[in-house]
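As the structure lists them, so they are numbered: ligands from 1, and atoms in each ligand from 1. Throughout, residue positions are numbered sequentially from 1 according to the sequence presented. Not measured: the values here are computed from a predicted model.
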Amino acid sequence: MTVFEPSSVVRRSDVPMYLVENLRDAVRPGSRDTIGGRPILPAGEDWPECYCGARMVLFFQLDVPPDIPHFGGDHLLVFQCPVHNDAPCLPGSPQRLPDRYWESPRVSGHPGAFWRIMLHRDPTGPADAEEPHLLGYELVLRPEYETETVWRAVPPAPHGMFAELGTGRGEFKVGGLPCWLQDPETRRCACGAEMLFLCEITGDTSFARRPGQPEQPDTYDSDCYVIFLGNEVYLLACPEHCHPAAVWPVLQH
Ligand SMILES: [Zn+2]
Ligand SMILES: [Zn+2]
């Protein structure tokens, strides 16, 4: 069995990265960087609904800082059904995602998508309605240095085998380098573009439930909601912006 050991840590001043922090300030009117709150939706998109008919929960939204390559200036929104809390797994884990994977992804155990993740730069404003399930908080995006830890196989892996792994900081963050908990993963968008890492949501990220709202199924804390069962989530997005929802969540744990 191959064992990996950290061999070096490099400060990557060439890779812009922002930590996403919740300082427990209540969401303010008109805010664009929020947990819960009022979603700033793409033009022509309604508040997303799950295939089951439930209106999805706005977990968070934020403006991607301008210096993040390919996605700077985009607005990111992450929704998931309040009832369907699961891991989106495509049978066979295809490298190239199927057509309209954001709507009819044929994930195991579900007839359609129970989440929706969107990126856009439309001049829209906040929706009239506020996310009811979660306590609304301001998010702060704080610029930080990314560090890359290089892990090498011990003993060295045979030629052709996975021998080296570079990972960024394991934080809730936008931009930077993914902190893979398992082997690195890539996906190709249905449009043909190689998808790029945009955001990591650490597995311990929880979102406070508003008192009186139903508990989320399959969560580990009855006072909180989690995304995708609380796995480590890596959002890979289409740099061609071929559709507002052309974002795929890769999960590891
Ligand atoms: Zn649902
Ligand atoms: Zn695409």
Sequence neighbours excluded and cut-off under 3.5 Å, please list the side-chain donor-acceptor pairs for residues 192-200, or say none.
{"from": "Glu194", "atom 1": "OE1", "to": "Arg188", "atom 2": "NH2", "distance (Å)": "2.9"}
{"from": "Glu200", "atom 1": "OE1", "to": "Cys179", "atom 2": "N", "distance (Å)": "2.9"}

Open item on the list: If you consider just the N/O/S atoms, which atom of His84 is the closest one to the Zn ion (ligand 1)?
Closed with: ND1
TODO: Flag yes if more than 12 heavy atoms outside Tyr145 fall under 6.0 Å of its OH atom; otherwise flag no.
DONE: no
TODO: Report, rounded to 10°, the angle at the Zn ion (ligand 1) between the two atoms SG (Cys50) and SG (Cys81).
DONE: 110°
Open item on the list: Within rounding of 10°, what is the angle whose vertex is the Zn ion (ligand 2) and whose arms end at SG of Cys191 and SG of Cys242?
Closed with: 110°
Open item on the list: Hydrophobic clusters here meaning ILVMFWY residues chained together by side-chain heavy-atom distances under 4.5 Å, can you tell me if Leu41 and Val64 are in one?
Closed with: no
Task: Lys173 bridged to Glu171 by N-O distance under 4.0 Å - done: no
